[in-house]
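The shown structure was predicted, so the numbers you read here are calculated from the model rather than taken from an experiment.
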Number of protein chains: 2
Amino acid sequence: MKNLIALIALALMPAAALAEAPAPDAPKWSLAIHGGAGTLDPAQMTPERRAEYEAALQAALDAGAKVLAEGGSAMDAVKAAIIPMEDSPLFNAGKGAVLTWDGTNELDASIMDGRDRSAGAVAGVKTVKNPILLADKVRTDSEHVFLMGAGAEAFALDKGFAVTPPEYFATPARREALERMKAKQLSALDVDHKFGTVGAVALDQKGNLAAGTSTGGMTGKRWGRVGDAPVIGAGTYADNRACAVSATGWGEYFLRVGVAHEICAFKASVYAPCRKVNTCLANCRAWRCIRRLILLFCPTPAQSGTVR
Amino acid sequence: MKNLIALIALALMPAAALAEAPAPDAPKWSLAIHGGAGTLDPAQMTPERRAEYEAALQAALDAGAKVLAEGGSAMDAVKAAIIPMEDSPLFNAGKGAVLTWDGTNELDASIMDGRDRSAGAVAGVKTVKNPILLADKVRTDSEHVFLMGAGAEAFALDKGFAVTPPEYFATPARREALERMKAKQLSALDVDHKFGTVGAVALDQKGNLAAGTSTGGMTGKRWGRVGDAPVIGAGTYADNRACAVSATGWGEYFLRVGVAHEICAFKASVYAPCRKVNTCLANCRAWRCIRRLILLFCPTPAQSGTVR
């Protein structure tokens, strides 16, 4: 398995975990998840709080791992892993998403299938419980890749998604963060730094890759701000010939660099069969400016495609 | 100049033009524009109509060329070239943009500076006369890269943009196209094929690259559909170390492939100093499925940076 996949988890990984089939003769699959970028403040992180996070991450990991262990697809595993994190108030996605400047929740998500690079994304949705499922529905049931705002919600309604009351998403902790931000004129990083976007990347037993990302964005975001999470190529990318990437960090930098696609493009054999991802990262200016967490699976070019 | 820049205009170029400083000792700059992808139907294209398009393209080209000839920046040239096309009812951007399913105009634009990869983008704006200027304002006057919908319009208002009445944008030809699409259950390609997105790429005398794209999207688009034009990495990308790209075509394919970034990533010396863009394109599946037009400037790695 180690020969098959290079898992690179860059920089700090306060809320990430990895499940991998242990025995050499066990089915070959792999899954990595993240619960956001940033530094956990030890003063704020009690043993009980830490246990809560670890349990929530483990539940997400277990849900995705179960799909893969039973021979399910990477796409299904990514969704299975992300849904519990969207449903948990601990993470900045779905329930527990950070609040906009106006005190609302605007949710972004995207998902990509490495088999055919089909992708779906939504930005600024307010009434969909699991945005990752809506992103996937855009992928499978529309001619489009990327839907936004009220239009994306109309699409959800059209496709049978329940309308979730906006008040479902907000939590007291997120309200307090917004109020603190406004009162003390803090930046989003000051109040968001303990929490984050969620994401997952998976390699299934058939050798297919998938990636997904879901987020509430940044506390106090305004003007319909779209970050990297719903942008295919910035926060999410998957290509069986290269990588699956889910990113979290300061989205604007990821958008400018096209981080997820840049890593995949670098890995793809057509571009640079002999170079290392590290060379790419060493040349990536934004890399040195941001707190970030990237999970990626990179089968070598010769090994991508079928995996036995 | 020919050694300095490889201009590659792929596939059909019904509405593209190129201006270049002619004399060997003249200042080194270059500009290319496009007025959309697709096939022009000779039966529909009278000599008068053709002359109208050519004059509109020439006016755009002249506006951008003037900036560059006078030593202005690539960014200013891109804006100067795109504004007349947004203002012309002939193109699918600004005035003359195609209509959504609901009969409204939702405008998308993005711009990127190759010097520092700073970028701005807007999607789904309805009351801004020149979306390319709003995209640039996002780049220069916000902490963000990408704003959407009503939020982007609130930002525009905040920054002093005039509110343009939505009826300014629609033209009888676009209303007829939407009605025909609905009546005959045609696809967007059936009614859009003679018109298109606008874009420009420029290299200024200091050797800096810039790219910009502006569009109304696809006739009859629904659900807040976002195409490639406002997505940095899909429809627009600029990096002094590699390329400047403005794309037009079926946006969903460009989003999945990350076309603009893919071309720049391929060109960047860090990835593949010895390969040709054609190799990349030959390996790009979407390339064979879509009608498209890409304009790109690709100084070789050794020559990027300063140009004398």
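Across all their heavy atoms, A:R256 and B:Y237 have their closest contact at O-OH, 2.7 Å. Scanning both residues, B:L255 and A:I232, for their nearest heavy atoms gives O-CG2, 3.6 Å. Between B:E143 and A:E252, the shortest heavy-atom distance links the atoms O-CG, 3.2 Å.
Your options are B:S142, B:A260, B:G258, B:G251, and the one with the most heavy-atom pairs under 4.5 Å with chain A is B:G258.
For a residue to count as touching a neighbouring chain, one of its non-hydrogen atoms must lie under 4.5 Å from one of that chain's; by this rule B:R225 touches chain A with backbone and side chain alike.
From B:L147, atom CG reaches atom NZ of A:K221 across 11.0 Å, with rounding to the nearest 0.5 Å. The distance from atom OH of B:Y253 to atom CZ of A:R117, rounded to the nearest 0.5 Å, is 12.0 Å.
Chain B is approached within less than 4.5 Å, heavy atom to heavy atom, by A:A123, A:G124 from residues 120-132 of chain A, ordered by number. Within residues 149-159 of chain B, the residues that have a heavy atom under 4.5 Å from a heavy atom of chain A are B:G149, B:G151, B:A152, B:A154, B:F155, B:D158, listed by number.
Side chain of B:H261 to main chain of A:V257: a donor-acceptor pair is present (N/O by atom type, distance under 3.5 Å, no hydrogens or angles).
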